[in-house]
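What follows is a set of notes on a single structure, which appears directly below.
When a residue number appears, it is its place in the shown sequence, counting from 1.
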Amino acid sequence: MKKQEQVLFYQFQDKEKLSIACKTLHKLGIATRILPAEAWREKVGYLLGAKGFQPAKAKEEDNFVFPHEVMVMQNIRNKRLDEVLLALKEAGVPHIRFKAVVTPFNTLWTLRRLCETMQKEHGAMAAQ
């Protein structure tokens, strides 16, 4: 049995870009979810609806703002990943810089940690 493919969208301000991306993914049979701004507190596994994850407890002093669009892909790898990214490009979806594929490790991370890790990796790659 094939595992359900899913994409989470976070911090998308351009509603048209988001709409085109969602429609394109739905045509490919991929479920999509648009995350609220405060989703950064939650573990990636919880946001994906995985079993065994509980919602995070909000803390008053917590504050995190990630100004970039983020796309988190579950069960999309290898040739399928290439196919999905090409379909988005061909549909006219402008480049999404911060993309992540779900792994057994990052499902345990908060969305905040995932965003910060991607930002560090992009910074390191840009410096090269």
Side-chain angles (χ1 to χ4, degrees):
M1 188 172 117
K2 190 176 173 196
K3 292 182 179 178
Q4 173 62 52
E5 296 171 324
Q6 183 177 186
V7 172
L8 305 178
F9 290 102
Y10 181 61
Q11 292 297 78
F12 276 70
Q13 305 305 315
D14 184 339
K15 300 300 176 207
E16 186 178 348
K17 179 179 185 177
L18 185 58
S19 175
I20 295 167
C22 286
K23 284 177 188 166
T24 302
L25 294 171
H26 291 162
K27 285 179 190 172
L28 295 171
I30 300 170
T32 59
R33 231 176 108 214
I34 299 157
L35 302 175
E38 64 277 1
W40 59 265
R41 287 186 178 97
E42 303 294 345
K43 297 231 188 244
V44 173
Y46 175 78
L47 296 170
L48 292 165
K51 289 180 182 148
F53 287 90
Q54 300 295 319
K57 295 186 176 35
K59 296 179 185 130
E60 289 299 315
E61 71 277 3
D62 278 353
N63 196 15
F64 176 70
V65 177
F66 193 73
H68 308 287
E69 299 171 337
V70 177
M71 187 170 132
V72 180
M73 297 169 279
Q74 181 185 36
N75 298 321
I76 303 171
R77 289 183 177 75
N78 307 321
K79 286 182 186 173
R80 178 65 167 165
L81 178 60
D82 294 339
E83 183 184 311
V84 167
L85 296 176
L86 181 62
L88 290 169
K89 185 177 181 177
E90 288 176 347
V93 176
H95 180 71
I96 300 164
R97 206 167 92 198
F98 292 93
K99 295 181 283 294
V101 173
V102 174
T103 69
F105 300 107
N106 66 20
T107 54
L108 304 172
W109 295 0
T110 59
L111 182 58
R112 176 181 184 160
R113 180 173 174 193
L114 183 64
C115 290
E116 289 172 341
T117 300
M118 285 191 288
Q119 193 161 29
K120 283 179 194 162
E121 288 172 358
H122 275 272
M125 285 170 55
Q128 289 180 352

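The two residues N75 and Q4 have their closest heavy-atom pair at ND2-O, 2.7 Å. Residues C115 and V70 come closest through the heavy atom pair SG-CG2, 3.9 Å. Contact record, Y10 with A37: OH-O, 2.8 Å, taken as the closest heavy-atom pair. The two residues C22 and T32 have their closest heavy-atom pair at SG-OG1, 3.7 Å. Contact record, L85 with M71: CD2-CE, 4.4 Å, taken as the closest heavy-atom pair. Closest non-hydrogen pair, L28 versus E5, comes out as O-OE1, 4.3 Å.
More than 12 heavy-atom neighbours from other residues, nucleotides or ligands sit within 6.0 angstrom of CD on E83.
A donor-acceptor contact shorter than 3.5 Å is absent between the side chain of Q11 and the backbone of P67. With hydrogens and angles ignored, the 3.5 Å screen pairs a side-chain donor or acceptor of D14 with a backbone N or O of E16. Proximity of a side-chain donor or acceptor of Q6 to a complementary backbone N or O of L48 within less than 3.5 Å is detected. A side-chain donor-acceptor contact under 3.5 Å links N106 to the backbone of V101.
Neither I96 nor V72 shares a network with the other; the hydrophobic side chains, linked directly or stepwise wherever heavy atoms of I, L, V, M, F, W or Y lie under 4.5 Å apart, form separate groups for each. Under the 4.5 Å side-chain heavy-atom criterion for Ile, Leu, Val, Met, Phe, Trp and Tyr, L111 and I76 are members of distinct hydrophobic clusters. One hydrophobic cluster holds both L35 and V44 under the rule that ILVMFWY side chains link at heavy-atom gaps under 4.5 Å. Both F64 and L8 are assigned to one and the same hydrophobic cluster, defined by single-linkage of ILVMFWY side chains at heavy-atom distances under 4.5 Å.
Inter-residue side-chain proximity for K99 and L81 is flagged as unmet; no heavy-atom pair is nearer than 4.5 Å. Taking 4.5 Å as the limit, every side-chain heavy atom of H68 sits out of range of all side-chain heavy atoms of M118.
F105 pairs with exactly one of T103, V102, T107, L108 by the side chain to side chain contact (heavy atoms under 4.5 Å, CB included) rule, that one being T103. Partner of E69 under the side-chain hydrogen bond (donor to acceptor under 3.5 Å, both in side chains) criterion, out of K17, H95, Q13: K17 alone. Residue V84 is tested with V7, L25, T24 for a side chain to side chain contact (heavy atoms under 4.5 Å, CB included); the sole match is L25. Considering R112, R113, Q119 as possible partners of E116, the one that fulfils the side-chain hydrogen bond (donor to acceptor under 3.5 Å, both in side chains) test is R112.
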Could you walk me through whether F98 and F66 pass the ring pair (Phe, Tyr, Trp, His ring centres under 6.0 Å) check? CA-CA 11 Å; F98 292 93; F66 193 73; 5.3 Å; yes
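One distance of note links CZ of R80 with CE of M73; it measures 11.5 Å at 0.5 Å rounding.
Using cut-offs of 30° and 60° on the angle between ring planes, the pair F12 and F9 is perpendicular.
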